[in-house]
Asker: 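One structure is given below, represented as structure tokens, and several questions about it will come after.
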2 protein chains.
Amino acid sequence: MTYCCGLLVREGLVMIADTRTNAGVDNISTFRKLHIFEKPNDRVVMIATAGNLSVSQNVISHVTAGLDNPDTGERETIATVSSMFAAAQLVGRAVRKVRETLGASTEQVNYDVTMLLGGQLAGRNMRLFMVYSAGNFIEATEDTPYLQIGEHKYGKPVLDRAVNFESEIYDSLKLGLVSMDSTMRSNLGVGLPIDIALLRRDAPDLEINHRIDHVDPYFHDLRDRWSVALRQAHLNIPRPPYGKRR
Amino acid sequence: MTYCCGLLVREGLVMIADTRTNAGVDNISTFRKLHIFEKPNDRVVMIATAGNLSVSQNVISHVTAGLDNPDTGERETIATVSSMFAAAQLVGRAVRKVRETLGASTEQVNYDVTMLLGGQLAGRNMRLFMVYSAGNFIEATEDTPYLQIGEHKYGKPVLDRAVNFESEIYDSLKLGLVSMDSTMRSNLGVGLPIDIALLRRDAPDLEINHRIDHVDPYFHDLRDRWSVALRQAHLNIPRPPYGKRR
């Protein structure tokens with residue numbers, strides 16, 4: 001299993017991904033799911049992946065090595081595309097190509113993948129997309145400034161209630177980490193370490209590119225503080241006034 | 001869709017169920033899913049249902065009208081069983097009976113159901129069970145004092161973090177309502193009105209038996225207070241100290 005989320009707020013972009021992969025609970029491994037292409041003063045493009053690992057790894061290889069653009073005939077890579085929109089199209093083509101290749105298999109395997117693609121090219125708009133298994137994609141907007149892939153349900157309520165486009169970027173990172181923690185508590189298939197990245201809008205390079213491991217004191221403190229806050233929060237709600245229906 | 005939860009704490013039992021059923025988002029109805037059998041000074045037994053409505057309604061009919069107990073040869077109903085354990089066995093038999101009857105159908109229909117069964121008979125232990133589609137069941141314990149059926153993921157993190165066996169019973173009700181609200185916000189298939197019941201341990205009858213509707217002022221206030229509390233909670237967490245990996 002996997003949980004990744006991306007938050008695109010006014011100040012910039014936060015990407016968070018866990019690193020656990022599993023084929024059954026008795027076959028667990030650690031793989032990086034947050035892939036960062038950074039060329040200071042030119043572009044920062046990040047891809048977070050969920051779903052079949054053989055498909056997502058192949059997609060990353062393709063977008064790194066390059067695929068021909070059917071419209072221009074030119075070879076494109078994530079390092080050369082001229083816009084985030086073109087990057088999303090490139091990732092979509094790579095997903096379709098890999099799945100078409102695998103489609104010939106006679107095995108009953110689930111080759112679904114979903115990906116988050118976020119970043120900014122110098123002088124262009126910062127954007128955040130979700131690319132589906134069919135290669136189509138949607139984009140985060142000011143109305144819905146976050147996107148999730150993988151095991152998204154446990155971590156959604158806190159984002160729904162507390163994140164909006166005007167949220168301060170470090171608050172957004174905190175809430176993304178709370179969302180990740182809620183998911184890890186409820187699904188053993190999602191686990192530490194967590195990769196996080198923070199890119200300010202129009203900045204030349206990443207402000208945060210960090211892996212949170214099992215002994216990270218800040219993350220432990222955040223978990224504790226959030227649990228205490230939740231336990232306290234309901235104490236400030238008055239007692240339910242209900243009785244028996246007559 | 002459906003969301004129901006039962007919380008069995010030291011002081012007693014809380015049961016919460018939504019009332020929305022749907023066959024697609026364009027075919028939504030309201031059906032009571034929390035069924036209460038109350039005989040003051042003798043027993044309060046409650047059943048909350050999720051899954052195929054035709055199966056769950058049939059099960060309720062069977063346990064009300066009665067089924068023969070294969071061990072004793074006697075006809076049992078939810079109003080005559082001698083223990084909560086016998087009630088769970090009765091519900092399990094009813095589930096198996098209904099699904100066996102339907103098993104002959106050639107249609108591709110999902111006849112799965114899950115049910116929460118909670119309550120107390122005078123002089124006996126208060127108990128809370130979850131009955132599965134196969135008719136087997138598990139029981140809530142002091143380690144895990146709550147059980148959920150239906151769309152359980154959105155509402156689980158708050159219960160995981162804030163409810164334990166020593167939680168005050170009205171706090172448990174509040175947290176159950178927050179869990180329900182989190183679920184309703186994220187899944188349109190779960191909706192108001194909500195039926196709630198509260199039974200104190202060793203009490204002669206229910207303390208609360210109430211339906212929360214769309215204009216309920218307490219529930220609106222609870223939703224608002226919880227959202228404000230969540231938005232405030234992360235402000236008390238220090239700023240993440242992370243930077244770029246060198």
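Below, chains carry the letters A, B, ... as their sequence lines are ordered, and counting in each starts from 1. Note: hydrogens, waters and symmetry copies are ignored here, and every other heavy atom, side chains too, is used.
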Asker: Against chain B, work out which of A:Ala197, A:Ser182, A:Gly155, A:Ala229 has the most heavy-atom pairs shorter than 4.5 Å and name it.
Answerer: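 So the answer, after comparing A:Ala197, A:Ser182, A:Gly155, A:Ala229, is A:Ser182.
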Asker: Between A:Pro241, A:Ser167, A:Pro238, which shows the greatest number of heavy-atom pairs under 4.5 Å with chain B?
Answerer: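 Looking at each option in turn, the highest pair count goes to A:Pro238.
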Asker: As an exercise, state the distance from NE2 of B:His234 to CZ of A:Arg225, rounded to the nearest 0.5 Å.
Answerer: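 It comes to 13.5 Å.
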Asker: Give, as side chain, backbone, both or neither, the part of A:Leu206 having an atom under 4.5 angstrom from any heavy atom of chain B.
Answerer: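 Contact with chain B is through both the backbone and side chain of A:Leu206.
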Asker: Specify which of A:Asp221, A:Asp181, A:Leu198 makes the most heavy-atom pairs with chain B at under 4.5 Å.
Answerer: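 Among A:Asp221, A:Asp181, A:Leu198, the one with the most close pairs to chain B is A:Asp181.
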Asker: Taking it one step at a time, do B:Tyr154 and A:His152 satisfy side-chain contact (heavy atoms from CB on, under 4.5 Å)?
Answerer: CA-CA 9 Å; B:Tyr154 297 115; A:His152 63 280; 4.0 Å; yes
Asker: So, taking the atom named CG in B:Asn236 and the one named CH2 in A:Trp226, what distance separates them when rounded to the nearest 0.5 Å?
Answerer: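 B:Asn236 CG to A:Trp226 CH2: 10.0 Å, rounded to 0.5 Å.
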Asker: In Å and rounded to the nearest 0.5 Å, what is the NZ to NZ distance from B:Lys156 to A:Lys153?
Answerer: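 Rounded to the nearest 0.5 Å, the NZ-NZ separation comes to 14.0 Å.
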Asker: Ignoring hydrogens, what is the shortest heavy-atom contact between B:Arg161 and A:Arg231? Give both atom names and the distance.
Answerer: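 In terms of heavy atoms, the two residues are closest at O-NH1, 3.3 Å.
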Asker: B:Pro240, B:Ala233, B:Pro157: which one forms the most heavy-atom pairs within less than 4.5 Å of chain A?
Answerer: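 With the most close heavy-atom pairs to chain A, the winner is B:Pro240.
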Asker: In terms of heavy-atom pairs under 4.5 Å, which option from B:Val158, B:Leu177, B:Ile237 contacts chain A the most?
Answerer: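 Among the listed options, the one with the most contacts to chain A is B:Ile237.
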Asker: Does any heavy atom of chain B fall under 4.5 Å from the side chain of A:Leu222, the backbone, both, or neither of them?
Answerer: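 The answer is both parts of A:Leu222.
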Asker: Just how far is it from atom NE2 of B:His210 to atom NZ of A:Lys244, taken to the nearest 0.5 Å?
Answerer: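 Result: 14.0 Å between the selected atoms.
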Asker: Please check if the number of heavy atoms outside A:Arg124 that lie under 6.0 Å from its CZ is greater than 12.
Answerer: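 Not buried by this count: 12 neighbours or fewer within 6.0 Å.
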Asker: Taking atom types as modelled, find out whether A:Asp216 and B:Tyr242 have a side-chain donor-acceptor pair closer than 3.5 angstrom.
Answerer: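 Yes.
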Asker: Where on A:Glu151 is there a heavy atom nearer than 4.5 Å to chain B: the side chain, the backbone, both, or neither?
Answerer: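 Interface part for A:Glu151: side chain.
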Asker: Hey, which residues of residues 186-194 of chain A are touching chain B, say heavy atoms under 4.5 Å apart?
Answerer: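 Listed by number: A:Ser186.
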Asker: Tell me, for A:Leu235 versus chain B, whether the close heavy atoms (under 4.5 Å) come from the side chain, the backbone, both or neither.
Answerer: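 Both parts, backbone and side chain.
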Asker: Only pairs of heavy atoms separated by less than 4.5 Å count here; which of B:Val228, B:Ile212, B:Val178 has the most with chain A?
Answerer: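 Greatest number of close heavy-atom pairs with chain A: B:Ile212.
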